[in-house]
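Input: a single structure, listed below in structure tokens.
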Amino acid sequence: MTDPQDASAQLLELWLAARTTVATLERAIGERIQADCQASLASYTLLCTLSSPNDPLNQQAIAAVLGLNKSSVSRQVEAAVKDGYATVEVSPLSRREKTVVVTPRGSAVVDAGNRVLAEFASDLDPDDAEQAIRLLTALSARNS
């Protein structure tokens, strides 16, 4: 049985390492996305979310997927539309609802950003990455 104090210390260490890792990766990846794609990391993230093969998403669904509030997503969508990366269209499911759709220009940003991520991921051990994903996903699900 694990000592609760040891488990608490491990969780604290994991949390701090995760925060540092996220901040470092976001800064480095954001700089490369900006340089290679002429788009912000926030735009790339939004466009990746919109590029999934599922049904088109409205702003509320985007907010839920990204863990953001609706006003932040609204600003990001407005910027993406202004930059020609996305359009807002009437939902095919309900005329009262609007969905956000990636344009070909937005798809090009996603493709270029995916190449940047592939470079960052090239030296990751797949087993280590899978284990980290499982652990972080389990922690997130447990505390949602």
Side-chain angles (χ1 to χ4, degrees), residues 2 4 7-144:
T2 306
S8 175
Q10 283 183 318
L11 182 59
L12 176 61
E13 189 174 345
L14 174 64
W15 175 56
L16 293 174
R19 287 178 54 92
T20 301
T21 301
V22 167
T24 302
L25 276 174
E26 283 190 344
R27 185 172 42 256
I29 291 171
E31 288 171 0
R32 281 290 307 281
I33 296 283
Q34 185 67 50
D36 292 12
C37 309
Q38 288 72 53
S40 69
L41 183 57
S43 292
Y44 171 70
T45 305
L46 172 68
L47 295 171
C48 285
T49 302
L50 296 173
S51 295
S52 74
N54 299 331
D55 294 329
L57 300 175
N58 63 26
Q59 290 187 18
Q60 184 173 344
I62 296 166
V65 169
L66 295 178
L68 299 172
N69 62 47
K70 195 173 174 198
S71 64
S72 293
V73 170
S74 179
R75 285 190 298 275
Q76 287 184 7
V77 168
E78 285 175 20
V81 169
K82 180 181 170 223
D83 292 336
Y85 300 146
T87 60
V88 177
E89 301 175 359
V90 174
S91 170
L93 305 174
S94 167
R95 291 187 315 186
R96 288 189 276 170
E97 193 172 294
K98 296 192 187 237
T99 58
V100 185
V101 178
V102 178
T103 65
R105 184 173 181 192
S107 292
V109 168
V110 171
D111 292 342
N114 289 347
R115 288 190 294 275
V116 168
L117 285 183
E119 284 181 41
F120 274 85
S122 65
D123 61 348
L124 284 178
D125 178 280
D127 293 334
D128 288 345
E130 187 60 39
Q131 184 177 3
I133 291 166
R134 277 195 311 273
L135 175 60
L136 293 171
T137 301
L139 281 172
S140 180
R142 192 175 87 189
N143 295 297
S144 296

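For reference, positions follow the sequence shown, starting with 1.
- When all heavy atoms of A39 and Y85 are compared, the closest pair comes out as CB-OH, 3.8 Å.
- Between the OG atom of S43 and the CD atom of Q34 there is a distance of 8.5 Å, given to the nearest 0.5 Å.
- For the atom pair CD of E119 and CG of D36, the computed distance is 7.0 Å after rounding to the nearest 0.5 Å.
- Atom CD of E130 is surrounded by more than 12 heavy atoms from other residues, nucleotides or ligands within 6.0 Å.
- In terms of heavy-atom proximity, S51 sits nearest to V102 at OG-CG2, 3.7 Å.
- The only member of V73, L57, I62, V81 that meets side chain to side chain contact (heavy atoms under 4.5 Å, CB included) when paired with V100 is I62.
- Separation of atoms CZ (R32) and CG (L117) is listed at 9.5 Å; rounding is to 0.5 Å.
- Residue L50 holds its CG atom at 4.5 Å from CG of L46, rounded to the nearest 0.5 Å.
- Put simply, the side chain of T49 gets close to the backbone of T45: a donor and an acceptor are under 3.5 Å apart.
- Here the side chain of T137 pairs no donor or acceptor atom with the backbone of R134 at under 3.5 angstrom.
- Taken from CG in N69 to CZ in R75, the straight-line distance is 6.5 Å, to the nearest 0.5 Å.
- Not one N or O on the side chain of T99 forms a donor-acceptor pair closer than 3.5 Å with the backbone of N58.
- With rounding to the nearest 0.5 Å, the separation of OG in S71 from CD in Q76 is 10.0 Å.
- For E97, there are no salt bridge (Lys or Arg N to Asp or Glu O under 4.0 Å) partners at least two apart in sequence or on another chain.
- Minimum interatomic distance between K70 and Q59 (heavy atoms only, all atoms of both residues): CE-CB, 4.3 Å.
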Inset, instruction - Carefully, step by step, assess D83 and V109 under the rule side-chain contact (heavy atoms from CB on, under 4.5 Å). - result: CA-CA 11 Å; D83 292 336; V109 168; over 6 Å; no
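- Taking each heavy atom of G113 and C37 in turn, the nearest pair found is N-SG, 3.5 Å.
- Checked against side-chain hydrogen bond (donor to acceptor under 3.5 Å, both in side chains), E89 has the following partners two or more places apart in sequence or in another chain: T87.
- Nearest approach of N114 to C48, heavy atoms of both residues: OD1-SG, 4.2 Å.
- Of the possible donor and acceptor atoms, one in the side chain of T20 sits under 3.5 Å from a partner among the backbone N and O of L16.
- Contact record, Y44 with V110: CE1-O, 3.6 Å, taken as the closest heavy-atom pair.
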